[in-house]
Number of protein chains: 2
Amino acid sequence: MKLDATDQKLLDLLQKDSSQTVKSLAQKLGKSTTPIFERIKKLEKEGLIKGYSARLNTKKIGLKQTVFIAISLQGHTRSYLEKFVKEINDFPEVVECHRVSGGFDYLLKLVVEDIEAYEKFIISKLTLLPYLGNVQSHIVLSTSKETNEVDLSFLA
Amino acid sequence: MKLDATDQKLLDLLQKDSSQTVKSLAQKLGKSTTPIFERIKKLEKEGLIKGYSARLNTKKIGLKQTVFIAISLQGHTRSYLEKFVKEINDFPEVVECHRVSGGFDYLLKLVVEDIEAYEKFIISKLTLLPYLGNVQSHIVLSTSKETNEVDLSFLA
DNA sequence: ATTAAAAATAGAATAATATTCGTTAATTTT
DNA sequence: AAAATTAACGAATATTATTCTATTTTTAAT
């Protein structure tokens, strides 16, 4: 699917604020509501828009600690890797799990209540997994930017 | 603000899918629309809900590469750190910037078109910043989990 | 260039939903 | 136990989403 300039701006408006009415989106894009409504439905159907979600203030809710964990594995059989990833993904504390190049194999991002909850995760969940090699924790001290808005200017 | 069980479930429903109607949310929560509508408005006003956004399929749009960059700085004057962070946050490729403990100072997450765009970022943007120490890139090979839904079960 | 076909847009009509309102029930405070 | 506060309900209204029909614009072929 090819995206024209209107689609690009529309996606950008929606990733910044999806609670806007079709009418206000249409005004910002210099069109009437019908074409914008149809464009949105098409972007949804084509899967370019995966869904809509509320952004929560995790700190205010009580999830004050983010942690990154860099993991190296020892034995690398394919079947084990799959099992490892499956287990990791099932932990609700884990919000991201990436296989990466560089000095280690996996990079996890966790959001937890506090350091105590983090330690609990390490002891009662992570270290129960076999074949763990090096595990290095990076406690987040402060976050200056954290968004899921991506830069769409390259489409222009 | 104290959150009861209904607020917890409501936040969870909304972070999973904010396009649901108030009516359907109310049904799932065993209440009528008015109280759920009012709870949502309160959660918004109190800032527990920061906003609403469309989740985009970055791969399909053409942003196929995620990269993490671990950075150590050389000179650590406070004023310089602030300038550094400000510059980093202004780069649209950077979606996250965290100050972390562990083997390095900052961990960045980038979303870019491809490796080429990533290299361009390194050469024409990142390495222009002064006082850079060690810079280690971790190219994401595959991602098995990537969400911004957080686990709210601890509220129960 | 000209015309046919396809796609995109507009404006009006309708359907669905959000939002408000008046009232009742439940909970907390005194 | 009574008063005050908070949460809830159901109905009424206001907004918004969605559909429909008719034009316009764009695209592609001749």
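Below, chains carry the letters A, B, ... as their sequence lines are ordered, and counting in each starts from 1. What you see is a predicted model, and the numbers here were worked out from it, not measured in a lab.
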Salt-bridge present (B:Glu82, B:Arg78; N to O < 4.0 Å)
yes
Other residues, nucleotides, ligands: >12 heavy atoms within 6.0 Å of A:Lys50 NZ
yes
Under-4.0 Å salt bridge between B:Glu96 and A:Lys109
yes
Base versus backbone protein contacts along nucleotides 7-24 of chain D [heavy-atom cut-off under 4.0 Å; B, S, -]
-SBB-----SSSBB----
Can we say B:Lys16 and B:Asp12 salt-bridge, meaning some charged N sits less than 4.0 Å from an Asp/Glu carboxylate O?
yes
CA sep, side-chain torsions, deciding dist, call: A:Gln74, A:Tyr80, side-chain hydrogen bond (donor to acceptor under 3.5 Å, both in side chains)
CA-CA 10 Å; A:Gln74 295 197 324; A:Tyr80 176 64; over 6 Å; no
Taking atom NZ of B:Lys28 as the centre, report whether more than 12 heavy atoms of other residues, nucleotides or ligands fall under 6.0 Å from it.
yes
Regarding A:Lys41 and A:Glu38, does a basic nitrogen lie under 4.0 Å from an acidic carboxylate oxygen?
no
Range on DNA chain C touched by chain B, heavy atoms, distance below 4.0 Å:
C:dT17 to C:dC21
